[in-house]
Amino acid sequence: MICAEELVGEEWAEWYSMTPMERWSESAKLWEVYLAMGGSLDPEPDTQSPFFDPEERSSRPVDGRPGLRVIRRGRIQP
Amino acid sequence: MGGQACVLYGAAEFSRDVDLAIIASPANLSRLRNALAELKAEVIAVPPFEAKYLRKGHAVHFRCFASGGRGVRVDVMTKMRGVDSFPELWRRRVTLEAEDSTLYQLMSLPDLVKAKKTQRDKDWPMIRRLVEGNFFEHREKPTRQQLEFWFLELRTVELLIDLAAKHPSLCNRLAKRRELLAYAVSRDRSELTRGLSGEEDAEREADRRYWKPLMAELEKMRHARLRR
């Protein structure tokens with residue numbers, strides 16, 4: 001019998017094994033961390049979405065959060 | 001529906017926005033307007049919040065400005081490609097109750113899987129996880145309905161093969177509805193993978209065709225808005 005851990009890895013197998021409300025509760029914790037880190041509520045641009053409007057995207061997230069910013073950018077080695 | 005439903009069903013860990021399927025009756029839209037007013041929600045982008053656009057298949061997009069929900073996006077739709085009408089979706093809905101007695105009315109899993117068959121890359125791993133999660137949850141004692149659902153919607157090669165080995169007669173019967181199931185019986189991983197890819201390509205193309213006239217309409221509305 002195929003084991004969930006072997007197929008999808010431990011993390012996803014654990015997620016699958018939770019009840020919906022347990023997942024909801026865990027997701028809410030992720031949400032708090034995300035917001036505390038300055039995560040933006042702007043959706044990521046999805047050029048494949050039929051709703052994508054390149055004009056709509058603003059330079060500043062509407063919730064006033066600065067969004068995550070790059071602190072260090074690795075150099076591409078030749 | 002959407003990302004929040006995927007969290008509850010186990011296919012996602014996090015979603016930034018809220019997607020709602022609604023019935024576009026005057027009374028219901030009036031109730032929704034009142035609810036959105038409490039959230040200080042404003043329409044963003046096009047189309048405007050009118051029944052005629054919802055009934056055509058457009059999504060209406062809102063951003064909330066009330067404290068506690070500031071910045072949250074809410075998208076509403078009435079009609080989705082390949083998905084039954086709202087009364088049927090409502091009849092088949094799943095209701096979850098949280099500890100604080102809040103009720104969450106979810107699109108049923110089979111309906112959500114259908115709604116997710118879009119042209120977007122991000123939806124297809126989600127579909128796979130939606131069905132996988134359901135499989136692992138109920139595999140010990142599946143109902144006939146669950147077995148059929150898995151045979152018709154699983155996108156994981158190993159699980160299709162495993163299921164076909166346990167239920168070969170049912171698999172052969174359902175192969176009339178889903179051709180690639182024949183390869184699950186013969187354990188042909190390569191053909192199964194090809195079949196799954198073919199299914200995905202066909203759905204993506206169908207979704208692009210469906211959205212073409214709607215996107216043309218959205219473009220006209222955007223240009224009209226810019227001219228104003």
Side-chain angles (χ1 to χ4, degrees), chain A residues 1-70, chain B residues 4-5 7-17 44-46 57-59 61 63-65 69-73 75 94 96-99 104 106 118-123 128-129 132-137 139 156 158-159 161-162 166 204 207-208 210-212 214-215 218-219 222 225-226:
Chain A
M1 192 187 262
I2 295 173
C3 165
E5 285 83 357
E6 284 170 25
L7 189 68
V8 300
E10 209 175 292
E11 206 174 306
W12 273 111
E14 192 186 342
W15 193 250
Y16 286 165
S17 72
M18 291 182 184
T19 67
M21 282 299 132
E22 284 171 345
R23 288 191 279 259
W24 193 245
S25 174
E26 287 303 306
S27 187
K29 292 177 193 168
L30 288 173
W31 182 250
E32 293 301 322
V33 170
Y34 178 75
L35 292 178
M37 285 172 66
S40 168
L41 293 173
D42 265 351
E44 290 187 16
D46 184 356
T47 55
Q48 291 182 323
S49 168
F51 314 138
F52 177 68
D53 176 8
E55 300 299 322
E56 186 208 333
R57 189 153 174 79
S58 61
S59 58
R60 183 175 158 78
V62 72
D63 58 355
R65 293 174 177 274
L68 294 174
R69 54 190 178 84
V70 177
Chain B
Q4 303 295 345
V7 168
L8 285 159
Y9 281 127
E13 293 174 313
F14 180 77
S15 178
R16 278 185 269 208
D17 62 358
I44 53 174
V46 289
H58 285 290
H61 312 280
R63 196 183 301 281
C64 303
F65 289 91
R70 183 173 167 76
V72 174
R73 273 274 294 250
D75 292 346
V94 167
L96 297 175
E97 185 175 356
E99 279 182 8
Y104 298 94
L106 261 65
T118 74
Q119 58 195 278
R120 305 188 309 174
D121 288 344
K122 64 195 273 189
D123 283 333
R128 182 174 52 79
R129 287 196 288 265
E132 267 177 11
N134 186 255
F135 174 87
F136 284 115
E137 185 182 352
R139 72 189 305 190
T156 312
E158 292 306 323
L159 295 184
I161 290 173
D162 183 66
K166 293 192 172 76
R204 284 185 187 236
D207 198 54
R208 278 188 282 268
Y210 173 88
W211 274 100
K212 197 170 170 185
L214 292 168
M215 284 171 69
L218 287 172
E219 265 314 292
R222 285 178 193 133
R225 187 178 57 168
L226 284 171

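Throughout, protein chains are lettered first and strands after them, A, B, ... in sequence-line order, and every chain is numbered starting at 1.
Side-chain atoms of A:Q48 and B:R204, non-hydrogen and from C-beta on, do get closer than 4.5 Å to each other. By the 4.5 Å heavy-atom criterion applied to side chains, A:S25 and B:E99 are not counted as neighbours. Looking only at side-chain heavy atoms (C-beta outward), A:I2 and B:R139 come within less than 4.5 Å of each other.
Here A:A4 is the residue among A:A28, A:A13, A:S17, A:A4 with the most heavy-atom pairs under 4.5 Å with chain B. In terms of non-hydrogen atom pairs under 4.5 Å with chain A, the most contact-rich of B:D121, B:V72, B:D17, B:L218 is B:D121.
Only the side chain of B:Y104 comes within contact range of chain A, with heavy atoms under 4.5 Å apart. Only the side chain of A:L7 comes within less than 4.5 Å of a heavy atom in chain B; its backbone stays farther off. For B:L159, the parts lying under 4.5 angstrom from a heavy atom of chain A are both the backbone and the side chain. Heavy-atom distances place the backbone of B:S15, and not its side chain, under 4.5 Å from chain A. If you measure heavy-atom distances from A:M18 to chain B, you find no contacts under 4.5 Å at all. Heavy atoms of A:E11 lying under 4.5 Å from chain B belong exclusively to its side chain.
By the neighbour-count criterion of 12 heavy atoms within 6.0 Å, atom CD of A:E14 is sparsely surrounded, having that number or fewer from other residues, nucleotides or ligands. At most 12 non-hydrogen atoms from other residues, nucleotides or ligands lie less than 6.0 angstrom from NZ of B:K212.
The shortest non-hydrogen separation linking A:W12 to B:E13 is CH2-CG, 4.2 Å. A pairwise comparison of heavy atoms in A:R23 and B:L8 identifies NH2-O, 3.0 Å as the closest pair. Closest of all the heavy-atom pairs between A:M21 and B:L96 is CE-CB, 3.7 Å.
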Residues B:H61, A:F51; criterion side-chain contact (heavy atoms from CB on, under 4.5 Å); working and verdict
CA-CA 9 Å; B:H61 312 280; A:F51 314 138; 3.6 Å; yes
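Separation of atoms CG (A:D53) and CE (B:M215) is listed at 10.5 Å; rounding is to 0.5 Å. The CG atom of A:L41 sits 10.0 Å away from atom SG of B:C64, with the distance rounded to the nearest 0.5 Å. The structure places CZ of B:F136 at 8.5 Å from CD of A:E5, a figure rounded to the nearest 0.5 Å.
Between B:E137 and A:Y16, the side chains place no donor N or O within less than 3.5 Å of an acceptor N or O (distance only, hydrogens not considered). At a cut-off of 3.5 Å, with distance as the only test, a side-chain donor of B:R16 or A:Y34 sits close to an acceptor on the other residue.
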